[in-house]
Amino acid sequence: MAWRRDFRYASPMPELPEVETVRRGLEPALVGRRLTKVTLRRPDLRFPFPPHFARRLTGARVAELRRRGKFLLAPLSSGETLIVHLGMTGRFLIDLAQAADDVPFRDQCPPPKHAHVVFETDNGPRVTFSDARRFGFMDVFETANLSHHLQLANLGPEPFDGAFNQSYLAAAFSARRRGVKDILMDQSVVAGLGNIYASEALHRARVAPGKEARRIGRKAIGRIVPAIRAVLEEAIDAGGSTLRDFAAANGSPGYFQHSFRVYGRGGEPCPNPGCVGRIHRSIQAGRATYHCPTCQE
DNA sequence: ATTACGTCCTGTCGGC
DNA sequence: TGCCGACAGGACGTAA
């Protein structure tokens, strides 16, 4: 049947690794192809679509697919760039049926629930964006001025960029009274970390998430930078293997299920070697936070 | 400038 | 069995 969910991925909570996985999965479906038809099935997501959204995309070719923090960026041959944020539940479904002929009555099949935007391409699969909670959003912006786009302009460095280092983080932490986890989730400090990977990184760095950022010592900051990179790298690798598994499994859904060391593990023993503590769940800045009070200080 | 908090949205899950 | 509240959370808007 049409609207097959043959290719469906993205974790329920897209942070940098999940967005990167989506980018890699979407690349073969979109890059180099012309958008022949764009359909909006409602006037807004988190925000209203910009004026003439569908018209500005239609006919343009997707030059490449990039990622910046948690944003997907698709520069187009028209001189504008499609900007996508997945929010909480945003996901792309790739319809593997190449042409309408491949699927009888394809156009009579109902679209999946929450399918808000449909992209048709020349000789490529149909790509559908669905987002149950509509925390995601899309925008179109002049590529030459992309760095002035409000949401992109305020993003901090990429975690893998050399600019994100110990002295940078020390400056970002100085005089800040907010909890260190809260600071790491601030997209203007570093781009791409959310609630899950901030918790995971701090556990690895053995720093308590609620500790005031200004009270984090130099040595601890020195552990946080590589800890962030390690958790993100591992998760990106897990996403990559999900994509490969999907390709190998010929049609089975490729859900991105990465396992976490502390997130969602309240009451379980701390996985750090030699630590006898248990993972503690608390609420910090309104968000569920997991850490080991024994080895994170 | 910095911080805290409410808000949006709906599917899922546990308890009764 | 069904209902109902709690929960999940990124980023914005507002207020202090």
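Lettering of chains follows the sequences in order, A, B, ..., and the numbering in each one begins at 1.
- One interatomic measurement links the two molecules: CZ of A/F135 to P of B/dG11, which rounds to 13 Å at whole-angstrom precision.
- One finds a salt bridge joining A/R23 and A/E27 here, because a Lys/Arg side-chain nitrogen approaches an Asp/Glu carboxylate oxygen to under 4.0 Å.
- One can place CG of A/D182 at 11 Å from P of B/dC5, the figure rounded to the nearest angstrom.
- The closest side-chain heavy-atom distance from A/R67 to A/L16 is below 4.5 Å.
- Distance from the side chain of A/K70 is smallest for C/dA11 among the nucleotides C/dA8, B/dT2, C/dA11.
- Residue A/H114 places at least one side-chain N or O closer than 4.0 Å to OP1 or OP2 of B/dG11.
- The residue A/R46 sits close to a base: some heavy atom pair falls under 4.0 Å.
- If you measure from atom CG of A/D44 to atom C1' of B/dC9, you get 11 Å, rounded to the nearest angstrom.
- At a threshold of 4.0 angstrom between heavy atoms, the contacts of A/F47 are confined to the sugar-phosphate backbone, with no base atom among them.
- Residues A/T81 and A/T143 have side chains that bring a donor and an acceptor to within less than 3.5 angstrom of each other.
- Counting any heavy atom pair closer than 4.0 Å across all strands shown, A/A288 reaches sugar-phosphate atoms only and no base atom.
- Between A/Q187 and the phosphate of C/dA11, there is a side-chain N or O to OP1/OP2 separation shorter than 4.0 Å.
- Between A/M88 atom CE and C/dA8 atom P the separation is 10 Å, expressed in whole Å.
- Regarding A/L184, its CG atom lies at a distance of 17 Å from the C1' atom of C/dA11, rounded to whole Å.
- Taking only side-chain nitrogens and oxygens, A/R176 comes nearer than 4.0 Å to OP1 or OP2 of B/dT3.
- If you find the closest nucleotide of DNA chain B to A/G179 and to A/R134, the one lying nearer the 5' end belongs to A/G179.
- Not one side-chain nitrogen or oxygen of A/Q151 sits closer than 4.0 Å to the OP1 or OP2 atom of C/dG10.
- For A/R133, counting side-chain heavy atoms from C-beta on, the closest listed nucleotide (C/dG10, B/dA4, B/dG11) is B/dG11.
- On a pure distance criterion of 3.5 Å, no polar donor-acceptor pair joins the side chain of A/R287 and the base of C/dA8.
- Rounded to an integer number of Å, the gap from A/I183 CD1 to B/dT2 C1' is 9 Å.
- Partner of A/F137 under the ring pair (Phe, Tyr, Trp, His ring centres under 6.0 Å) criterion, chosen from A/F129, A/F47, A/F49, A/F53: A/F47.
- Residue A/R281 places its side chain closer to C/dC7 than to any other of B/dT10, C/dC7, C/dC12.
- A/N195 has its CG atom 9 Å from the C1' atom of C/dA8, to the nearest Å.
- Computed from coordinates, the A/M185 CE to C/dA8 C1' distance equals 12 Å when rounded to whole Å.
- Taking the charged nitrogens against the carboxylate oxygens, A/E15 and A/K70 have no contact shorter than 4.0 Å, which rules out a salt bridge.
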